[in-house]
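Presented below is the structure to which this report refers.
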Amino acid sequence: MGYDFQAIEAKWQKVWEERKSFEVETEPDKKKFYCLEMFPYPSGALHMGHVRNYSMGDMLARFLRKKGMNVLYPMGFDAFGMPAENAAIKYKTKPHDWTWRNIEHETNQSKRMGYSYDWRRRVETCNPNYYRWNQWIFLQMYKKGLVYRKHAPVNWCETCGTVLANEQVVNGACWRCEKPVVKKSLEQWFIKITDYAQELLDNIDTHLTGWPERVRIMQRNWIGRSEGARLSFRAEELDYTIEAFTTRFDTVYGITFIALAPEHELVSAMIAKLPKEEAARLSDFVAQCAAQSSIERSDAGAEKRGFATPFTGTHPVTGKPIPIWIANYILMDYGTGAIMGVPAHDQRDFDFCRKYGIPVIPVIQPAEGAALDGTTMTAAFEEDGVSCNSGQFDGLPTQDAIRKMINWGEEKGYCSREVNFRLRDWLISRQRYWGTPIPFVHCPSCGVVPVSEDQLPVLLPEDVQVVDVGRSPLLDMPEWLETTCPVCGGKARREAETMDTFFCSSWYFDRYCSPGFDKGPFDAKDTDYWMPVDQYIGGIEHACLHLIYARFFTMFLSDIGLLKPEVREPFTNLLTQGMVIKDGAKMSKSLGNVVDPTEIVEKYGADTVRLFILFASPPQNDLDWSEQGVEGAHRFLNRVWRFVEENLDSLKQTGGEFVPMSKLSDPAQRDFKRKIHGTIQSVTRDIDEEKQFNTAIARLMELTNALYSFRPADEIGYALRREAVEVLLNCLSPFSPHIAEELWQMLGNETLLSKTSWPILDKDALAADSVVIVVQVNGKVRAKLSMSAGIDEARLKERVMSDPQVHEKIAGREIVRVIAVPDKLVNIVVKG
RNA sequence: GCCGGGAUGGCGGAAUGGUAGACGCAGUGGACUCAAAAUCCACCGAGGGCAACCUCAUGGGAGUUCAAGUCUCCCUCCCGGCACCA
């Protein structure tokens, strides 16, 4: 009859759907497991990366169901975003229509793979029943003071026609289109994610122990905590107090200049105060700095340029006047946008001072070697040493000096302790159409005011033609734009900007718990049961994007009581899968090395594709696509099929109880029984603990090989063979569920294999009867002796030392020592 | 520059400090066949030997250990993240 995978896969997909095999409910008395994958953007079709991601998740979900868990395993679509607008222009359609068509197509693709999602829970972020809760959550954040508008230099992507959050700028370029990003001064919406910086950092150590070390380090770096102090310089002529942050208060006596970022607010006051000609030169300088791209600005090797102002600030400790400069290497968005310049101990300051002839005063001397001289040094001394030129602190080692001087500074009021983070507030607004409308209106008399909660959702018009990427069509829809003010009832204009789509993806996993709920974003009775996610699977590229935003959301939702207090983190365990590579490069349209999953599934079947993709590489590694490898996986499934088909009669005749190890006397049968249970043990461990799916599959291949070589001679032999086939199919079914289900049925089983418990391990069947003892001489393998298992150390030594073969290898040399590891090895150390 | 991760056959990859190379891919030889496909059997790190076996081998070098792919130190190369963050 042959392995007709097309018919089999269609058949079982239908059965599972009709029997609602994978639908789950909140059942507090059952042990739950929440298995989640990063939901896709519906760009048209699922690619191999998705297939890899979801094949892992589905395998785990199916495995855990068999282990008796109540498994929540949902799927949805991250459906708002730029590509829909671009596609709408290109194909002369509407983002709404394009997106929904793709959602339906990709859902069907997913079903064709046999993934066991509870499809009733599908979430689409572009659905008003979802994004209304985006708007609602945004208003809750506003109420808690976490939402604000700020006029600031922001990252602007010309190609996408929108601003970007810090996390979305990768090497100075847009994360999506990879075009350079420029700074633009705009008034934008921000969320105070920095209020949570400390908890985001602390929880990495306390809560994220189930995450890859790599991701934890990346997040720690991204949050970037540094401890130091804030100090101020009074600039009397300008009637202004300049604040600066430093991590090296111990170098305070080495300050020789103050530098401000060109965007610093004091700069315009200076321009106003300066004589016309000099004011013009300063404006010019500031304009030149602004013209630099963010890539140039952030290049450490770039030339440092400065402008000497005639103004000074008062040194907080010595009271001396310190000249104020404007410098292009000072960043406005870190610290205060002003620094204390200590050229002797900071390389950047040093470079700057040498260029402009500013004095260099060492305040730390190396513990050993020649003393530093400010006039002759060629580089800043940034290591630890001993303080000098620092009054009462002279002679202190650097670490002591840092501690003591900051205490002293605080006591005397020279400084105040401060912690700074590299993490910036989240710029949430986008100048785009296809997104969640920000639920605010602009009223000429009341200002920017929130839409009242009972007016949600602010619907996004769906019947919209996008013609130009440069301008949101919402701006040209007066019927949508014009509204009334929720406060005064007067004429007002809607906020036409939409939310960053990362807002949508920061809580979708909560929504899966109660997808139909309409009294809030989700029902606490469901999230209290299901959250947090037990296993999350997705790409490493979200390490400092989605995976930080979602953590912040969870903390916030927990703080306002929507999630229970103990849920502070959304994802207990994280698995980051590698990319799918072909011909040495990531599959991409531009390289033309894309393999379409649909075609491969048609040719080999979903079971083969799933098996290959999990077998070819461990989950975290990149996976090299190889059609020959796919054929190998297909061959294996064929082998399993053929075995059952060819031996069906004898397999069916021996149903019932399996023979326990104690009833087996034939060595071949005992070995085979051991192989069966050894397979259960290692497959279970590989999936559950090691997350090494490739080796789990290798074990199943070994069992299949053993099945082919085992020759049953009696009834017990046939019963063992039946046991082996059942174990094989059961263990195979999370990987290749359709073929396993079909063969299971062919054996005469009436229950669904998908609903059948994982095989029970018989520990008695694991113990070996005989073992091969490796005999080493001076650590080199010299002989292998077979003996029965469980011999103690003394008897083992005795047996090995009396063996003639071993004698020959020692050849009369003097025995210094004998090390014996029972059931394993004996190492004889000899001299000469 | 700083912080991570890695380097094992022709390839993907296995190896609680205890037989290096499981499993698969590719390859070689054979069986079946008129022939091919499919399938099955054998071989498959390098060198030496008729053989039993021996020597070398996990990027390079040292060290710890009875024993190191695995632990420690140094070096080389690759990959990733951060980077004028005060």
Side-chain angles (χ1 to χ4, degrees), chain A residues 2 170-172 212-222 224-226 228 244-249 251 259 261 296-304 327-331 333-342 345-349 351-352 382 420-424 540-541 543-544 578 581 611-612 615-618 620-633 635-636 638-639 642 682 685-686 692 694-705 708 772-784 816-821 823-830:
Chain A
V170 180
N171 293 326
E213 189 55 22
R214 199 147 81 103
V215 178
R216 302 167 75 209
I217 289 166
M218 281 164 77
Q219 291 211 351
R220 231 177 261 129
N221 290 344
W222 188 262
R225 183 182 197 271
S226 45
F245 173 73
T246 180
T247 52
R248 293 298 302 274
F249 190 73
T251 63
E296 289 171 300
R297 255 319 263 286
S298 64
D299 179 7
E303 197 191 7
K304 290 176 179 46
N328 67 342
Y329 71 99
I330 310 304
L331 307 172
D333 51 6
Y334 185 77
T336 61
I339 60 134
M340 61 178 223
V342 184
H345 305 292
D346 181 291
Q347 190 58 40
R348 297 157 298 178
D349 294 348
D351 294 343
F352 188 74
E382 293 182 325
N420 249 289
F421 293 94
R422 219 192 61 103
L423 182 77
R424 312 290 151 76
I540 185 87
E541 66 272 17
C544 292
I581 302 282
L611 191 76
F612 164 72
F615 177 61
S617 190
Q620 305 84 339
N621 288 20
D622 285 347
L623 181 150
D624 218 336
W625 182 264
S626 132
E627 189 148 341
Q628 282 168 334
V630 179
E631 279 169 10
R635 234 179 338 250
F636 167 68
N638 256 306
R639 244 164 95 71
R642 236 179 311 116
S682 32
R685 191 176 36 217
D686 284 351
Q692 288 254 93
N694 54 331
T695 48
I697 294 168
R699 297 287 96 83
L700 296 180
M701 289 173 169
E702 283 181 46
L703 181 60
T704 307
N705 292 342
Y708 268 96
V772 174
I773 301 293
V774 172
V775 181
Q776 298 180 334
V777 176
N778 287 346
K780 295 199 171 174
V781 182
R782 282 292 115 101
K784 289 168 192 178
V816 179
R817 202 174 151 189
V818 179
I819 291 111
V821 183
D823 285 353
K824 258 201 183 136
L825 143 158
V826 173
N827 188 12
I828 305 160
V829 187
V830 298

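Just so you know, these numbers use all the heavy atoms, side chains as well, and skip hydrogens, waters and symmetry mates. Naming convention: chains lettered A, B, ... in sequence-line order (proteins, then strands); numbering from 1 in each chain.
Straight-line distance between the P atoms of C23(B) and U72(B): roughly 31 Å, to the nearest whole Å.
Of the nucleotides present, G12(B) is the one that pairs with C23(B) by Watson-Crick or G-U wobble criteria, both distances under 3.5 Å. If you check U55(B) for Watson-Crick or wobble pairing at under 3.5 angstrom, you find it paired to A46(B). Pairing of A7(B), defined by two Watson-Crick or G-U wobble distances under 3.5 Å, is identified with U76(B). Shown here, G1(B) forms a base pair with C82(B); the pair counts as Watson-Crick or G-U wobble because both key distances fall under 3.5 Å. Nucleotide C40(B): paired with G30(B) (Watson-Crick or G-U wobble, both distances less than 3.5 Å). With a cut-off of 3.5 Å on both pairing distances, the Watson-Crick or G-U wobble partner of G63(B) is C71(B).
The 12-atom threshold is not exceeded at CZ of Arg214(A), counting heavy atoms of other residues, nucleotides or ligands nearer than 6.0 Å.
Glycosidic conformation of G59(B): anti, with the torsion beyond 90° of 0.
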Short N/O separations, protein against nucleotides 13-17 of chain B, under 3.5 angstrom:
| unit_1 | atom_1 | unit_2 | atom_2 | d |
| --- | --- | --- | --- | --- |
| G13(B) | OP1 | Asn621(A) | ND2 | 3.4 |
| G13(B) | O3' | Asn694(A) | ND2 | 3.3 |
| A14(B) | OP1 | Asn694(A) | ND2 | 3.4 |
| A15(B) | OP1 | Gln692(A) | NE2 | 3.4 |
| U16(B) | O4 | Lys824(A) | NZ | 2.6 |

Each nucleotide N or O in nucleotides 3-9 of chain B that has a protein N or O under 3.5 Å away: list the pair and distance.
none

Contact list (N/O, under 3.5 angstrom) for nucleotides 39-45 of chain B vs protein:
| unit_1 | atom_1 | unit_2 | atom_2 | d |
| --- | --- | --- | --- | --- |
| C40(B) | OP1 | Arg639(A) | NH1 | 2.6 |

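In terms of position along RNA chain B, the nucleotide closest to Ala698(A) lies nearer the 5' end than the nucleotide closest to the other residue of the pair Ile828(A) and Ala698(A).
Residue Asn705(A) places at least one side-chain N or O under 4.0 Å from the OP1 or OP2 atom of G24(B). Contact annotation: Arg782(A) side-chain N/O to C54(B) OP1/OP2 distance is under 4.0 Å. Note on Lys780(A): a side-chain N or O is less than 4.0 Å away from OP1 or OP2 of C56(B).
Side-chain atoms of Arg424(A) and base atoms of C85(B) include a donor and an acceptor less than 3.5 Å apart.
Donor-acceptor pairing under 3.5 Å is lacking for the side chains of Arg422(A) and Asn221(A).
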